[in-house]
**Q** 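This is the structure, below, for whatever I ask next.
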Amino acid sequence: MAHRLEVLIVIQAEIQHCRFLADHMPDPKAAERARQLADDLERWARELDLE
């Protein structure tokens, strides 16, 4: 159980990092890709949390 929590914390940090990068990238395509990665990570975190 503790390991799952640690993984979720790391995923959450990566989500925040991707969102930050997306907000500060000058290239719109790269920013959109960073947002998509954050969305994918959020979905994955929800799936892990439900198991």
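Sequential numbering from 1 along the given sequence is applied to the chain's residues.
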**Q** Check side-chain hydrogen bond (donor to acceptor under 3.5 Å, both in side chains) between Q36 and all other residues, then give those that pass, not counting sequence neighbours.
**A**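 Scan of Q36 (side-chain hydrogen bond (donor to acceptor under 3.5 Å, both in side chains), adjacent residues dropped) gives D40.
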
**Q** Would you give the length of the straight line joining atom CG of L8 to atom CH2 of W44, rounded to the nearest 0.5 angstrom?
**A**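 So the CG of L8 and the CH2 of W44 are separated by 8.5 Å.
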
**Q** Return all side-chain donor-acceptor pairs below 3.5 angstrom for residues 15-26, not counting sequence neighbours, or 'none' if the list is empty.
**A**
{"from": "R19", "atom 1": "NH1", "to": "D39", "atom 2": "OD1", "distance (Å)": "3.4"}
{"from": "R19", "atom 1": "NH2", "to": "D39", "atom 2": "OD1", "distance (Å)": "2.8"}
{"from": "R19", "atom 1": "NH2", "to": "E42", "atom 2": "OE1", "distance (Å)": "3.2"}
{"from": "R19", "atom 1": "NH2", "to": "E42", "atom 2": "OE2", "distance (Å)": "3.4"}
{"from": "H24", "atom 1": "ND1", "to": "F20", "atom 2": "O", "distance (Å)": "2.7"}

**Q** If you group Ile, Leu, Val, Met, Phe, Trp and Tyr by side-chain heavy-atom gaps below 4.5 Å, do L41 and V7 land in one group?
**A**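 Linked within one cluster.
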
**Q** Does anything in residues 7-18 pair up under salt bridge (charged side-chain N to carboxylate O under 4.0 Å, His left out), and if so which pairs, sequence neighbours excluded?
**A**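 Sorted pair list comes back empty.
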
